[in-house]
J.: 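The structure is given below, and queries will be raised subsequently.
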Amino acid sequence: MSKNLTKRAEDYSKWYNELVVKADLAENSAVRGCMVIKPYGYAIWEKMQAELDKMFKATGHQNAYFPLFVPKSLFEAEEKNAEGFAKECAVVTHYRLQNDPDNEGKLRVDPDAKLEEELVVRPTSEAIIWNTYKGWIQSYRDLPILINQWANVVRWEMRTRLFLRTAEFLWQEGHTAHATEAEAIAETEQMNTVYADFAENFMAIPVIKGVKTESERFAGAIDTHCIEALMQDGKALQAGTSHFLGQNFAKAFDVKFTNKEGKQDHVWATSWGVSTRLMGALIMTHSDDQGLVLPPNLAPNQVVIVPIYRSDEQFEAIKEVVSKVKSDLEAKNITVKFDDRDTFRPGAKFAQHELQGVPLRIAIGPKDLENGTVELARRDTLTKEVVSIEGIEDRISDLLKTIQEDLFNKAQTFRDNHITEVEDFETFKTILETKTGFVSAHWDGTAETENKIKELTKATIRCIPYDSKIEEGNCIYTGNTSKQRVLFAKAY
RNA sequence: CGGGGUGUAGCGUAGCCCGGUUAUCGCGCCACGUUUGGGACGUGGAGGCCGCAGGUUCGAAUCCUGCCACCCCGACCA
């Protein structure tokens with residue numbers, strides 16, 4: 001175990017990198033840009049998965065699995081999608097190795113084992129899935145198709161960071177097919193709302209729902225909806241996207257159906273996804289200089305119990321009390337870990353559980369045995385109090401709910417304080433440099449202006465918020481007329 | 001992929017410019033003992049092909065070349 005995490009104020013990105021490793025969430029692997037997700041980090045991801053999976057199923061979706069490899073000819077079928085991802089694709093060209101005759105004990109690629117057609121390792125699965133859907137859809141009666149898959153994808157990123165951008169990452173991707181445009185649009189919006197609910201109510205991360213501008217849109221989409229979160233360092237993070245794909249993929253893969261009127265039509269499509277990047281969002285929304293802070297909903301252990309004792313007799317007595325507390329808590333569906341390791345002293349355990357973000361810590365020692373109390377410590381506020389052991393399970397149950405809410409409120413206050421409306425470009429630049437966060441400003445709607453602003457300030461349009469009110473204004477950069485404000489920020 | 005930087009024990013490091021006995025120190029690790037209400041202490045011990053591969057040299061952690069990985073800045077991106 002390690003001491004002394006770099007302080008956020010000192011070097012935010014160093015703090016992040018250290019935290020991920022020291023809290024035992026993930027580490028770099030022998031493969032460039034690819035991470036090993038360690039058990040503790042994976043347990044958090046599994047919590048996210050379980051909740052999302054429940055939400056997907058509650059909205060009528062089913063899970064399925066499609067191949068990792070996409071034949072190049074399928075991959076290139078939807079031109080914009082192919083073009084958008086082409087530069088970051090891993091490609092399989094051979095299917096066999098052999099002993100290298102010139103290099104004892106080494107292997108080489110068998111030159112005779114060249115694939116007739118290269119296989120692209122999926123950077124996203126629209127191509128292989130729409131090629132499959134083609135065989136499933138003939139009639140409006142076959143629609144809608146509402147499928148999700150949990151998978152890994154590969155995007156050959158040049159610059160990677162644990163969880164935030166890795167060459168291989170885990171995600172879920174929903175791919176749906178609909179008979180009408182309206183239904184597909186409704187699905188796109190529904191799933192973006194599901195993501196927002198998940199982020200806010202489960203992860204305690206406030207997000208802004210909105211629509212991407214053309215230049216930030218998913219390759220091959222008509223519209224990209226998104227949820228945008230704000231990290232503690234004032235940079236925005238795209239936490240999830242939901243795409244309305246129109247008939248682009250149906251046309252590219254010739255997926256037609258006969259409608260009720262007996263006429264042929266192309267199918268309407270959506271796709272939507274969130275990834276292990278959410279782990280990064282989680283860390284950069286709630287954690288502090290002591291380490292990870294987990295909202296109770298995401299904590300593998302919501303409560304940890306640390307015994308404090310001198311003698312074996314004391315330890316036995318504590319164990320007895322703990323076993324009752326533990327079962328009372330578990331009866332309320334609270335996950336509890338009794339840290340009875342005799343190889344670490346209490347102080348070391350406190351520090352470790354703080355680093356790993358356990359929401360509540362109970363310490364119980366001889367004094368408590370005498371008084372019928374425990375010491376109860378909150379990770380989020382780093383406060384502690386001595387409380388009666390009587391009714392502790394109700395107290396903790398309530399406290400976990402409070403912590404979940406407090407974390408959300410704290411993050412929301414921070415986020416709301418970092419949305420600044422500006423009217424002129426000088427202020428715009430100043431805010432981005434000093435206050436940081438989201439800047440709400442008028443924009444003339446052109447990609448040229450958007451690009452120019454990005455060039456000058458490194459800020460991009462994160463989204464056009466759903467709730468952006470319609471008001472007359474002038475573009476921050478060109479002064480041309482504008483009908484509503486958009487949100488700019490520097491982003492991850 | 002372009003510019004810059006860094007790789008020495010599990011982690012953090014000294015030594016490198018100016019090549020020369022046994023590669024420095026701290027943390028961690030192992031054993032024993034004492035300890036245990038916020039990261040314990042003592043004594044003893046183990047652990048290194050100095051990122052990898054070549055080269056120069058009597059001799060390379062140190063000089064040269066290539067490669068790999070990571071970090072920072074850019075472009076790209078969930």
Side-chain angles (χ1 to χ4, degrees), chain A residues 1-6 11-14 16-18 21-22 27-35 84-89 103 106 123-124 152-173 195 212 215-219 224 226-229 236-243 271-281 290-291 306-312 314-315 318 340-355 361-371 373-375 377 382 384 386 454-455 458 460 462 491-492:
Chain A
M1 198 186 8
S2 28
K3 294 179 184 178
N4 299 335
L5 194 57
T6 295
D11 186 338
Y12 196 81
S13 87
K14 195 173 177 198
Y16 176 86
N17 290 331
E18 282 181 12
V21 172
K22 290 184 175 178
E27 62 189 33
N28 279 306
S29 70
V31 189
R32 180 199 170 85
C34 295
M35 65 180 160
F85 284 102
K87 320 177 279 309
E88 45 187 323
C89 285
N103 213 340
K106 304 280 186 191
T124 180
N152 58 339
V153 287
V154 169
R155 296 181 187 176
W156 213 261
E157 299 291 349
M158 289 303 138
R159 206 171 147 195
T160 59
R161 290 188 72 191
L162 293 171
F163 291 122
L164 291 175
R165 176 161 295 108
T166 47
E168 179 195 18
F169 58 91
L170 304 184
W171 75 346
Q172 58 67 217
E173 46 182 327
Y195 286 153
K212 289 291 187 188
S215 56
E216 296 279 327
R217 200 175 282 160
F218 176 74
T224 289
C226 63
I227 52 171
E228 292 286 327
L237 183 111
Q238 179 176 304
T241 47
S242 181
H243 315 293
S271 70
W272 27 274
V274 297
S275 72
T276 37
R277 190 179 218 206
L278 286 175
M279 292 287 293
Q290 323 303 317
V306 177
I308 294 158
Y309 57 93
R310 290 166 194 273
S311 64
D312 288 350
Q314 281 174 343
F315 181 57
I318 287 168
D340 61 353
R341 294 174 296 174
D342 62 359
T343 44
F344 290 93
R345 290 159 48 110
K349 292 179 184 177
F350 293 172
Q352 188 194 341
H353 296 126
E354 266 164 24
L355 183 59
R361 181 187 71 227
I362 293 174
I364 175 163
K367 276 187 258 168
D368 298 304
L369 289 181
E370 268 175 45
N371 304 331
T373 58
V374 296
E375 183 191 82
L382 293 169
K384 51 190 180 184
V386 175
K454 183 180 175 182
E455 232 171 76
K458 291 178 190 161
T460 49
R462 300 321 303 155
Y492 276 98

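Reminder, nothing fancy here: chain letters follow the sequence lines and each chain counts from 1.
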J.: Using 0.5 Å steps for rounding, measure from the CG atom of Leu5(A) to the NZ atom of Lys22(A).
T.: 6.0 Å

J.: Using whole Å, what does the distance between atom C1' of nucleotide A78(B) and atom NZ of Lys87(A) come to?
T.: 14 Å

J.: Just checking Gln238(A): base, sugar-phosphate only, or nothing, at a heavy-atom cut-off of under 4.0 Å?
T.: sugar-phosphate

J.: Considering only atom C1', compute the distance from G45(B) to A9(B) and round it to an integer number of Å.
T.: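 Straight-line distance between the two C1' atoms is 15 Å.
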
J.: Would you find a donor on one side and an acceptor on the other, under 3.5 Å apart, between the side chain of Asn371(A) and the backbone of Asp368(A)?
T.: no

J.: In whole Å, measure the gap between the P atoms of A23(B) and C49(B) for me.
T.: 13 Å

J.: If you check the Ala348(A) side chain, which of G38(B), A78(B), G39(B) turns out closest?
T.: G39(B)

J.: Indicate, with a heavy-atom threshold strictly under 4.0 Å, whether Leu237(A) touches base, sugar-phosphate, or nothing.
T.: nothing

J.: Are there any protein N/O atoms within less than 3.5 Å of an N/O atom in nucleotides 32-36 of chain B, and if so, which ones and at what distance?
T.:
residue	atom	partner	partner atom	Å
U35(B)	O2	Arg345(A)	NH1	3.2
U36(B)	OP1	Arg310(A)	NH1	2.3
U36(B)	OP2	Arg310(A)	NH1	2.9
U36(B)	O4'	Arg345(A)	NH1	3.4
U36(B)	O2'	Tyr309(A)	O	3.3

J.: Side chain of Arg159(A), heavy atoms from C-beta onward: which of C73(B), G37(B), C70(B) has the nearest atom to it?
T.: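 Out of C73(B), G37(B), C70(B), the nucleotide with an atom closest to Arg159(A)'s side chain is C73(B).
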
J.: Work out how far the C1' atom of G66(B) is from that of U56(B), and round it to whole angstrom.
T.: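 Rounded to whole Å, the distance is 15 Å.
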
J.: Scan Gly33(A) against the nucleic acid and name what it touches under 4.0 Å (heavy atoms): base, sugar-phosphate only, or nothing.
T.: sugar-phosphate

J.: Could you measure between the two C1' atoms, the one in A69(B) and the one in C52(B), and give it in whole Å?
T.: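 Per the computed distance, 10 Å lies between those C1' atoms.
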
J.: If you look at every heavy atom in Pro346(A) and Pro307(A), which pair is closest and at what distance?
T.: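 That closest heavy-atom pairing would be CG-O, 4.3 Å.
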
J.: So that I can compare with my own list, what are the stems of RNA chain B, taken as at least three consecutive Watson-Crick or G-U pairs with distances under 3.5 Å?
T.: B:1-7 with B:68-74, B:10-12 with B:25-27, B:29-34 with B:40-45, B:51-55 with B:63-67

J.: Between G37(B) atom P and Glu370(A) atom CD, what is the distance in whole Å?
T.: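 One finds 16 Å between P of G37(B) and CD of Glu370(A), rounded.
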
J.: Nearest of G74(B), G38(B), C1(B) to any side-chain atom of Ala351(A)?
T.: G38(B)

J.: Rounded to the nearest angstrom, tell me the gap between atom CD in Gln352(A) and atom C1' in G28(B).
T.: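 Gln352(A) atom CD is separated from G28(B) atom C1' by 14 Å.
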
J.: Return the value, rounded to whole Å, for the distance between atom CD of Gln290(A) and atom P of G38(B).
T.: 15 Å

J.: Return yes if some donor-acceptor pair links the side-chain N/O of Thr166(A) with the main-chain N/O of Met35(A) below 3.5 Å, else return no.
T.: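 Side chain of Thr166(A) to backbone of Met35(A), a donor-acceptor pair under 3.5 Å: no, none is there.
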
J.: Do any side-chain nitrogens or oxygens of Lys384(A) fall under 4.0 Å of OP1 or OP2 in G38(B)?
T.: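 Checking G38(B) against Lys384(A), no side-chain N or O comes under 4.0 Å of OP1 or OP2.
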
J.: Between Ser275(A) and Phe350(A), which has a closest nucleotide on RNA chain B that is more 5'?
T.: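 On the 5' side of the pair lies Phe350(A).
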
J.: Give Phe218(A) one of three labels, base, sugar-phosphate or nothing, depending on what nucleic acid heavy atoms sit under 4.0 Å from its own.
T.: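 Phe218(A): no heavy atom of the nucleic acid under 4.0 Å.
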
J.: Has Arg277(A) got a side-chain atom pairing as donor or acceptor with Leu164(A)'s backbone, closer than 3.5 angstrom?
T.: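 Yes, because the side chain of Arg277(A) sits within donor-acceptor range (under 3.5 Å) of the backbone of Leu164(A).
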
J.: When you compare C63(B) with C50(B), how far apart are their P atoms, in angstrom units rounded to a whole number?
T.: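 Those two atoms are separated by 15 Å.
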
J.: Ignoring backbone atoms, test whether Ser13(A) places a side-chain nitrogen or oxygen under 4.0 Å from the OP1 or OP2 oxygen of C72(B).
T.: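 Checking C72(B) against Ser13(A), a side-chain N or O does come within under 4.0 Å of OP1 or OP2.
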
J.: Name the nucleic acid region contacted by Thr241(A), choosing base, sugar-phosphate or nothing; use a 4.0 angstrom heavy-atom cut-off, strictly under.
T.: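 Here Thr241(A) touches no strand at all.
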
J.: In whole angstroms, how far is the P atom of G37(B) from the CD atom of Gln314(A)?
T.: 12 Å

J.: So Phe218(A) and Phe85(A), ring pair (Phe, Tyr, Trp, His ring centres under 6.0 Å) or not? Walk me through it.
T.: CA-CA 10 Å; Phe218(A) 176 74; Phe85(A) 284 102; 5.7 Å; yes

J.: For Arg217(A) and for Val374(A), locate the closest nucleotide of RNA chain B by heavy-atom distance; then report the residue assigned to the nucleotide nearer the 5' terminus.
T.: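 Going by which nucleotide is closer to the 5' end, it is Val374(A).
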
J.: Given C70(B), is OP1 or OP2 found less than 4.0 Å from the side-chain N or O atoms of Asn17(A)?
T.: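 For C70(B), OP1/OP2 do not have a side-chain N/O of Asn17(A) under 4.0 Å.
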
J.: Between C67(B) and C1(B), how far is it from one P atom to the other, in whole Å?
T.: 11 Å

J.: From Phe169(A) CZ over to Thr276(A) OG1, what is the distance, rounded to the nearest 0.5 angstrom?
T.: 7.0 Å

J.: Ignoring hydrogens and angles, are the base of G38(B) and the side chain of Glu354(A) linked by a donor-acceptor pair under 3.5 Å?
T.: yes

J.: So, does Gln238(A) use its side chain to make a donor-acceptor pair with the main chain of Arg462(A) at under 3.5 Å?
T.: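 Side chain of Gln238(A) to backbone of Arg462(A): no pair is present.
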
J.: Describe the nucleic acid contact of Arg361(A) in one word from base, sugar-phosphate, nothing, applying a heavy-atom distance below 4.0 Å.
T.: base

J.: Which value, in whole Å, describes the distance between the C1' atoms of nucleotides U35(B) and G51(B)?
T.: 41 Å

J.: The side chain of Arg32(A) lies closest to which of these nucleotides: G38(B), A78(B), C70(B)?
T.: C70(B)

J.: Counting only side-chain nitrogens and oxygens, does Lys14(A) get under 4.0 Å of the OP1 or OP2 atom of C70(B)?
T.: no

J.: Measure CG/Leu355(A) against P/G39(B) and give the value in whole Å, please.
T.: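 Going from Leu355(A) (CG) to G39(B) (P), I get 16 Å.
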
J.: Going by the rule side chain to side chain donor-acceptor pair (under 3.5 Å), which residues pair with Trp156(A) if we only count those two or more places apart in sequence or in a different chain?
T.: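 Listed in chain order: nothing, the list is empty.
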
J.: So does Thr6(A) get a backbone contact from the side chain of Glu18(A), meaning a donor-acceptor N/O pair under 3.5 Å?
T.: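 Yes, because the side chain of Glu18(A) sits within donor-acceptor range (under 3.5 Å) of the backbone of Thr6(A).
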
J.: Using the C1' atom on both, measure U62(B) against U57(B) and round to a whole Å.
T.: 13 Å

J.: What is the distance, rounded to the nearest whole Å, between atom CD of Glu18(A) and atom P of G12(B)?
T.: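 Interatomic distance, CD of Glu18(A) to P of G12(B): 9 Å.
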
J.: Test side-chain contact (heavy atoms from CB on, under 4.5 Å) on Phe315(A) and Asp342(A); report intermediate values, then the result.
T.: CA-CA 10 Å; Phe315(A) 181 57; Asp342(A) 62 359; over 6 Å; no

J.: Taking the side chain from Gln314(A) and the backbone from Arg310(A), do they hold a donor-acceptor pair closer than 3.5 Å?
T.: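 Pair found, side chain donor or acceptor close to backbone of Arg310(A).
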
J.: Which whole-number value in Å describes the distance from Lys458(A) NZ to A75(B) C1'?
T.: 12 Å

J.: Assign Thr124(A) to base, sugar-phosphate, or nothing according to its heavy-atom contacts below 4.0 angstrom with the strands shown.
T.: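 No contact at all - Thr124(A) keeps every heavy atom at 4.0 Å or more from the nucleic acid.
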
